[in-house]
Amino acid sequence: MKLSLVIPTYNERKNILQLLKKIQEEFKKNNIQGEIIVVDDNSPDGTGKILDETKIKIKNLKIIHRKGKFGLSSAVLDGWKIAEGEILGAMDADLSHPPEKIKELFWEIENGKADFAIGSRYAPGGEIKGWGFKRKLMSKTATLLARVYTKVKDPMTGFFMIKRTCIKDKKINPKGFKILLELIIKANYKIIKEIPIIFNNRIEGKSKAGTKEIFCYLQNLIGYLPYKKKVIREFFKFAFVGGIGTIINVLLLYILTEKVGVYYLLSAIVSFLIAMTSNFILNKVWTFKENIRLNAKKKYFQFTLVSIIVLIVNLFFLYLFTEIFEIYYLISQVLAIGIALIINFFGNKIWTF
Ligand code: UDP
Ligand code: MG
């Protein structure tokens with residue numbers, strides 16, 4: 001067996017058989033030695049029953065009936081536990097993911113061009129059809145947050161394949177829906193490839209993604225920090241650079257005002273700009289280890305914009321702590337700087353670098 005494709009189902013009565021037929025056709029047409037493992041969470045709509053009773057002959061089909069709704073990620077993992085293939089995959093049951101792309105993901109790994117292949121909606125050529133503004137915005141935001149950890153354009157997709165050996169001895173147990181990001185962070189792979197796909201919103205049944213998933217996702221994100229020591233290292237370097245910047249800022253303010261005789265507000269602006277530029281250069285080459293020339297202009301602009309936003313946030317919290325919570329203004333400022341630093345770091349990490 002080469003490929004084990006897990007399909008998690010919860011209330012997919014109207015979709016699952018059609019999908020199974022299509023996958024079987026794809027396997028046959030492209031000579032893929034594959035098995036399909038459907039993991040059903042005791043769907044109230046009778047998906048499990050339909051699967052057991054179907055007259056449609058599907059080769060190499062395994063069905064796991066679970067007792068309750070234990071969630072998408074754990075369904076994929078349970079499926080993989082009984083998988084026999086060397087390549088493990090997952091795909092949604094609602095016909096959103098194009099079965100015609102199975103072969104592309106599969107051959108990428110089978111031919112040794114990658115050990116991890118992702119059906120990507122955000123890679124050039126990929127697309128999402130049928131989602132409203134709110135859903136698109138949520139997906140984009142989640143993807144943006146994931147950029148703290150990965151440059152993969154679509155770390156949220158439910159359609160992907162990975163070599164079994166890449167997850168050997170790895171503890172994979174994400175909360176909620178999003179298993180792919182956890183694999184990207186924890187699995188042991190050399191080459192990851194994104195294959196563009198066109199995602200079509202489901203026609204039958206309802207989406208099970210809800211507010212609970214947002215919290216699971218945020219919890220996951222925080223939990224990944226210890227796995228990415230690099231991010232923590234970058235954070236402390238960034239904070240250190242910020243410290244140097246502050247010293248430069250204050251020193252220049254003093255020199256320009258007292259020794260050169262510049263009006264103090266003008267010196268403040270000049271010293272702020274110089275300190276910010278020095279911060280930018282240090283962060284670019286030292287914190288984020290980039291070539292100084294790489295997109296320098298664009299990134300300098302982004303860095304400046306983040307700095308200005310952070311300055312406003314800083315003032316807002318300074319005001320809030322001092323006026324509303326009646327904290328001594330210098331202590332307020334220390335707290336406000338802490339918050340500003342976090343926003344500054346993640347803002348630049350996600351957007352600029
Ligand atoms: N799913 C599941 N268990 C759950 C939630 C979802 O097995 O608790 C399955 C669902 O049947 C579908 C896939 O996971 O095959 C993706 O779910 P859905 O289409 O609802 O999410 P969306 O595409 O809206 O993110
Ligand atoms: Mg769906």
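Given the structure is predicted, the values throughout are model-derived calculations rather than measurements.
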State whether the number of non-hydrogen atoms from other residues, nucleotides or ligands found under 6.0 Å of Lys153 atom NZ is greater than 12. no
Looking at every non-hydrogen atom in both residues, tell me the closest pair between Lys101 and Ile197 and how far apart they are. CG-CG2, 3.8 Å
Side chains of Ile337 and Asn314: does their closest heavy-atom pair fall under 4.5 Å? yes
Students often mix this up, so state it plainly: with edges at 30° and 60°, are the rings of Phe159 and His97 parallel, tilted or perpendicular? parallel
Measuring only between side-chain heavy atoms, which start at C-beta, is Asp115 closer than 4.5 Å to Ile162? no
Is a side-chain N or O of Ser73 found less than 3.5 angstrom from the main chain of Gly176, in a donor-acceptor match? yes
Is there a path of hydrophobic side-chain contacts, each under 4.5 Å between heavy atoms of I, L, V, M, F, W or Y residues, that connects Phe215 with Leu225? no
Take Leu19 and Asn15, measure what side chain to side chain contact (heavy atoms under 4.5 Å, CB included) needs, and give me the verdict at the end. CA-CA 6 Å; Leu19 177 70; Asn15 296 315; 5.8 Å; no
Please determine if Lys2 forms a cation-pi arrangement with Phe27, meaning its NZ or CZ atom is less than 6.0 Å from the six-membered ring centre and no more than 45° off the ring axis. no
side-chain hydrogen bond (donor to acceptor under 3.5 Å, both in side chains) between Thr47 and Glu12: does it pass, once the steps are laid out? CA-CA 6 Å; Thr47 305; Glu12 302 290 0; over 6 Å; no
Whether Thr246 side chain and Gly242 backbone form a donor-acceptor pair below 3.5 Å: yes
With rounding to the nearest 0.5 angstrom, report the NZ to OG1 distance, Lys140 to Thr143. 6.5 Å
Do side-chain atoms of Lys208 reach the backbone of Tyr10 as a donor and acceptor pair under 3.5 angstrom? yes
Considering only heavy atoms from C-beta outward, does the side chain of Phe199 approach that of Ser139 to under 4.5 Å? no
Rounded distance [0.5 Å steps], CG in Asp52 versus NZ in Lys49: 9.5 Å
Taking Leu17 as the starting point, is it possible to reach Ile7 by hopping between hydrophobic residues whose side chains are less than 4.5 Å apart? yes
For the residue pair Tyr300 / Thr277, report whether a side-chain donor-acceptor contact shorter than 3.5 Å exists. yes
Using modelled atom types and a 3.5 Å cut-off, is there a donor and acceptor pairing between side-chain atoms of Tyr149 and backbone atoms of Leu221? yes
Stepwise salt bridge (charged side-chain N to carboxylate O under 4.0 Å, His left out) test for Lys29 and Glu100: CA-CA 10 Å; Lys29 209 162 62 190; Glu100 318 83 72; over 6 Å; no
Would you say the side chain of Leu282 lies within less than 4.5 Å of the side chain of Lys284, judging by non-hydrogen atoms? no
Electrostatic pair Arg66-Asp78, nearest N-O below 4.0 angstrom: yes
Non-hydrogen atoms of Met1 and Gly34 that approach each other most closely: SD-C, 3.5 Å
If you count heavy atoms of other groups shown closer than 6.0 angstrom to NZ of Lys186, is the number above 12? yes
Is the backbone N or O of Asp154 less than 3.5 Å from a side-chain atom of Glu194, with the two atoms forming a donor-acceptor pair by type? yes
Just checking, is any N or O donor in the side chain of His65 or Asp41 under 3.5 Å from an acceptor N or O on the other one? no
Does atom CG (Leu218) have a neighbourhood of more than 12 heavy atoms from anything else shown, all under 6.0 Å? yes
Are the side chains of Phe353 and Gln302 in contact, using a 4.5 Å heavy-atom criterion? no
Is the backbone of Arg293 close enough, under 3.5 Å, to the side chain of Asn291 for a donor and an acceptor to pair up by distance? yes
Run the salt bridge (charged side-chain N to carboxylate O under 4.0 Å, His left out) check on Lys28 and Glu25 step by step: do they pass? CA-CA 5 Å; Lys28 211 164 145 196; Glu25 276 162 32; over 6 Å; no
Close side-chain approach of Thr150 and Leu181, heavy atoms under 4.5 Å: yes
From the options Asn173, Leu72, Leu77, Ile184, select the one residue that forms a side-chain contact (heavy atoms from CB on, under 4.5 Å) with Ile179. Leu77
Does either side chain, that of Glu35 or that of Ser4, offer a donor lying less than 3.5 Å from an acceptor on the other one? yes
Would you tell me whether Thr9 and Asp40 have side-chain atoms, one donor and one acceptor, within less than 3.5 Å of each other? yes
Which heavy atom in Lys103 sits nearest to a heavy atom in Asn30, and how many Å separate them? CD-OD1, 3.2 Å
Expected output: side-chain Asn344 to main-chain Val310 donor-acceptor under 3.5 Å: no
Is the closest basic N to carboxylate O distance between Lys62 and Glu84 below 4.0 Å? yes
Heavy-atom distance under 4.5 Å between the side chains of Ile37 and Val39, does that happen here? yes
May I ask you to say whether Glu234 pairs ionically with Lys289, meaning some side-chain N is under 4.0 Å from a carboxylate O? no
Can you tell me how far the CG atom of Asn31 sits from the CZ atom of Phe106, to the nearest 0.5 Å? 9.5 Å
Show the nearest heavy-atom pair for residues Phe317 and Ala336, with the distance to one decimal. CB-CB, 3.8 Å
Keeping the roles fixed (side chain from Glu182, backbone from Asn220), state whether a donor-acceptor pair exists under 3.5 Å. no
Output for pair (Leu88 CG, Ile167 CD1), nearest 0.5 Å, gives 5.0 Å
Relative to Phe288, does Lys349 satisfy both conditions: NZ or CZ under 6.0 angstrom from the six-membered ring centre, and within 45 degrees of the ring's axis? no
Is the charged tip of Lys237 near the ring of Trp286: under 6.0 Å from the six-membered ring centre and within 45° of its axis? yes
So CZ of Phe116 and CD1 of Ile87: to nearest 0.5 Å the spacing works out to 12.5 Å
Can you list the steps and then say if Glu86 with Arg164 is a salt bridge (charged side-chain N to carboxylate O under 4.0 Å, His left out)? CA-CA 5 Å; Glu86 293 151 27; Arg164 178 193 284 275; over 6 Å; no
Met91 and side-chain contact (heavy atoms from CB on, under 4.5 Å): which partner among Val6, Ile23, Ile36, Thr157? Ile23
Within-4.5 Å side-chain heavy-atom neighbours: Leu61 and Leu20: yes
I need the minimum non-hydrogen distance between Met156 and Ala142, along with the two atoms involved. CE-O, 4.0 Å
So, the side chain of Gln33 versus the backbone of Leu3: is there a donor-acceptor pair under 3.5 Å, distance only? no
Trp351 ring center near Phe346 ring center (under 6.0 Å): no
Would Tyr263 and Thr257 count as a side-chain hydrogen bond (donor to acceptor under 3.5 Å, both in side chains) here? Give the steps. CA-CA 6 Å; Tyr263 178 55; Thr257 314; over 6 Å; no
Roughly how far, to the nearest 0.5 Å, is CD of Glu127 from OG of Ser120? 12.5 Å
Would a distance-only check, ignoring hydrogens and angles, find a side-chain to backbone donor-acceptor pair under 3.5 Å from Asn201 to Gly130? yes
What closest approach, in Å, do Pro99 and Glu26 show between heavy atoms, and which atom pair accounts for it? O-CG, 3.4 Å
If you count every heavy atom of other residues, nucleotides or ligands that lies below 6.0 Å from Lys170 atom NZ, does the total exceed 12? yes
